[in-house]
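Step one of this worksheet: look at the structure below.
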Amino acid sequence: MAEMKVTDSIRYIGADDTTIDLFESQYPVPKGVSYNSYVILDEKIAVMDTVDPRATDEWLENLKRELGERTPDYLVVSHMEPDHGGSIQVLANKYPEMKIVGNAKTFNMISQFFVLENLDSRKVVVKEGDSLNLGSHTLQFYMAPMVHWPEVMVTYETSEKVLFSADGFGTFGAISENEEWIAEARRYYINIVGKYGAPVQTLLKKASGLDIAMICPLHGPVLKENLGYYLEKYDIWSSYRPEEKGIVIACASIHGHTAEAARRLEEILKAKGQKVVYIDLCRTHVSNAVEAAFQYDRMVLAASSYDAGVFLPMEDFLHHLKAKTYQNRTVALMENGSWAPSAIKTMKSILEGMKNIKICEKTVTIKSSMNEDTVSAMEAMAEELCQE
């Protein structure tokens with residue numbers, strides 16, 4: 001990546017990874033991902049996090065370019081997950097005099113991942129509100145446990161008002177792709193951090209007491225303008241409020257008859273003036289489906305019955321929603337079953353394990369293929385959804 005200056009004294013030294021196919025071995029990243037790292041150049045030099053081992057060589061070259069003949073005094077470790085902490089040992093071995101800054105939980109994890117010589121003498125253990133002076137820059141540390149690992153902390157640089165936000169405000173996608181932030185920030189947040197709304201709310205309250213001019217996350221672009229927009233999105237997502245009004249139709253169809261009916265329901269809802277997003281769960285990655293479910297206030301689950309339960313793409317989708325603490329939504333149910341419809345019962349049992357989910361009274365049962373009766377049932381269900 002080309003040289004990037006955050007400010008005169010704060011330099012970006014991270015790297016884009018455009019060859020990775022699955023982030024965390026589960027999320028497709030067709031436009032790659034960035035591993036962000038920064039260096040603060042002052043009387044003392046602080047490196048802010050490392051990178052995934054996939055990008056170690058490029059990162060070291062970027063750091064060397066910014067250091068010149070100098071050596072770093074500190075490495076600040078905000079998050080130990082390997083896409084950020086994976087090059088700690090390489091850097092520690094390269095600069096044996098460098099101190100390592102983290103909290104008590106950080107150092108427990110460092111010892112699990114690496115064997116670092118003389119670690120005890122190199123530790124700088126910080127706690128909530130502690131400061132580290134670099135000269136004209138001062139770093140203040142704030143703990144952010146379970147956003148989204150227990151050792152996470154964020155760092156606020158007081159002179160230039162920069163928040164180093166760990167995984168907060170990150171996105172999928174390489175920085176060089178120049179995508180709009182929201183395009184992959186929502187999918188990133190919901191799938192990576194989504195379960196931990198309460199800890200994110202706690203961190204947002206801490207951030208509200210800081211005068212922040214810039215946010216430097218560990219993935220995605222540096223945020224320099226209109227910070228209220230990003231903070232508002234995080235407040236919505238972490239409090240599990242719908243981002244906008246609309247209806248997701250999530251469909252899992254085996255031979256196409258359930259999909260045909262779901263598409264008819266889509267037409268009915270659109271005719272009533274509703275915004276509708278149709279998702280084929282058999283052909284859409286579950287991370288995208290989960291993102292859509294969190295974005296809108298209502299959802300229709302349309303699925304074939306299968307092995308006296310529900311077709312597996314739907315079951316998988318619902319378990320992902322539960323894992324990410326899906327809540328505060330209205331859901332309508334539609335099933336298909338040629339001889340023993342069982343999908344609604346199975347879907348309802350999973351939904352009942354989620355918080356504050358209102359299930360519409362009107363349901364639709366298709367026996368093999370759509371007919372006039374099922375269309376009438378869909379009309380009634382659509383009417384109830386629209387009243388919501």
Side-chain angles (χ1 to χ4, degrees), residues 1-42 45-102 110 113-114 116 155 157 162 164-179 181 183-185 188 192 214-224:
M1 184 183 294
E3 182 177 353
M4 189 167 79
K5 186 167 67 173
V6 179
T7 70
D8 287 341
S9 301
I10 302 174
R11 307 296 177 87
Y12 179 88
I13 55 170
D16 276 350
D17 185 350
T18 56
T19 63
I20 188 173
D21 60 339
L22 293 175
F23 183 79
E24 291 189 352
S25 296
Q26 59 181 319
Y27 303 114
V29 280
K31 295 190 176 180
V33 69
S34 69
Y35 311 119
N36 294 350
S37 173
Y38 310 87
V39 61
I40 302 174
L41 304 172
D42 204 327
I45 294 176
V47 176
M48 309 301 291
D49 289 290
T50 73
V51 297
D52 191 283
R54 294 170 61 92
T56 301
D57 291 344
E58 181 180 349
W59 170 69
L60 287 175
E61 289 177 8
N62 293 341
L63 175 59
K64 183 179 179 181
R65 178 194 66 223
E66 299 298 344
L67 290 177
E69 298 302 315
R70 300 182 68 187
T71 59
D73 297 279
Y74 301 104
L75 167 64
V76 177
V77 181
S78 64
H79 186 17
M80 277 300 302
E81 199 167 7
D83 54 326
H84 308 300
S87 299
I88 288 173
Q89 182 149 10
V90 173
L91 193 71
N93 290 344
K94 186 175 179 65
Y95 298 107
E97 301 302 314
M98 178 186 71
K99 301 287 188 181
I100 300 172
V101 182
I110 283 180
F113 279 103
F114 309 112
L116 299 183
T155 304
E157 198 292 300
V162 176
F164 296 91
S165 60
D167 270 341
F169 305 97
T171 73
F172 294 130
I175 292 175
S176 56
E177 292 290 336
N178 292 317
E179 276 204 310
W181 179 82
E184 283 284 48
Y188 177 88
I192 302 294
M214 194 180 309
I215 298 174
C216 290
L218 288 179
H219 295 293
V222 173
L223 306 176
K224 297 183 179 182

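Values in this document were obtained by computation on a predicted structure and should not be read as measured data. Atom set for the values below is all heavy atoms of this structure, side chains included, hydrogens, waters and symmetry mates excluded.
Minimum interatomic distance between Ala55 and Ala15 (heavy atoms only, all atoms of both residues): CB-CB, 3.8 Å. For the pair Gly32 and Ile20, the tightest heavy-atom approach, listed with the atom from each and the gap, is CA-CG2, 4.3 Å. Nearest heavy-atom pair across Gly168 and Pro217 is O-CB, 3.4 Å. Smallest separation of non-hydrogen atoms from Asn62 and Gly14: ND2-O, 3.0 Å. Residue Glu66 comes nearest to Ile13 through the heavy atom pair CG-CG2, 3.8 Å, listed as atom of the first residue, atom of the second, then distance.
Ring-plane geometry between Phe23 and His219 is classed as perpendicular, the angle between the planes exceeding 60 degrees on a 0 to 90 degree scale with a lower cut at 30. Tyr12 and Tyr38 have perpendicular rings, their planes meeting at more than 60° on a 0 to 90° scale where under 30° would count as parallel.
Inter-residue side-chain proximity for Phe114 and Met80 is flagged as met; some heavy-atom pair is nearer than 4.5 Å. Glu81 places a side-chain heavy atom less than 4.5 Å from the side chain of Asp167. Looking at Pro28 and Leu22, their side chains come closer than 4.5 Å, going by heavy atoms from C-beta outward.
Checked against side-chain hydrogen bond (donor to acceptor under 3.5 Å, both in side chains), Asn178 has no partners two or more places apart in sequence or in another chain. Under the rule for a side-chain hydrogen bond (donor to acceptor under 3.5 Å, both in side chains), the partners of Thr7 that lie at least two apart in sequence or sit in another chain are Glu160. In this structure, the ring-ring contact (aromatic ring centres under 6.0 Å, His included) partners of Phe169, at least two apart in sequence or on a different chain, are Tyr234.
Surrounding CD of Gln26 are more than 12 heavy atoms belonging to other residues, nucleotides or ligands, all under 6.0 Å away.
For the atom pair CZ (Arg11) and CD1 (Ile45), the distance works out to 11.0 Å, reported to the nearest 0.5 Å. Between the CG atom in Leu91 and the CG atom in Leu60 there is a gap of 7.0 Å [rounded to 0.5 Å]. For the atom pair CZ of Phe113 and CD1 of Ile88, the computed distance is 8.5 Å after rounding to the nearest 0.5 Å. Here the straight-line distance linking atom CE of Met48 with atom CG of Leu75 works out to 9.0 Å at 0.5 Å rounding. From Ile40, atom CD1 reaches atom CD1 of Ile10 across 5.0 Å, with rounding to the nearest 0.5 Å. Distance check, rounded to the nearest 0.5 Å: CG of Asp49 to NE2 of His84 gives 7.5 Å.
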Side chain to side chain contact (heavy atoms under 4.5 Å, CB included) between Met98 and Thr71, worked out: CA-CA 8 Å; Met98 178 186 71; Thr71 59; over 6 Å; no
Step-by-step side chain to side chain contact (heavy atoms under 4.5 Å, CB included) determination, Val33 to Asp52: CA-CA 11 Å; Val33 69; Asp52 191 283; over 6 Å; no
Trace of the side chain to side chain contact (heavy atoms under 4.5 Å, CB included) decision for Asn36 with Ile175: CA-CA 9 Å; Asn36 294 350; Ile175 292 175; 3.6 Å; yes
Check against side chain to side chain contact (heavy atoms under 4.5 Å, CB included), Phe164 and Ser78: CA-CA 9 Å; Phe164 296 91; Ser78 64; over 6 Å; no
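Tested against Tyr35, the residues Thr56, Thr50, Asp17, Asp16 include a single side chain to side chain donor-acceptor pair (under 3.5 Å) partner, Asp17.
Between the side chains of Ser87 and Trp59, no donor-acceptor pair is found at a separation under 3.5 Å.
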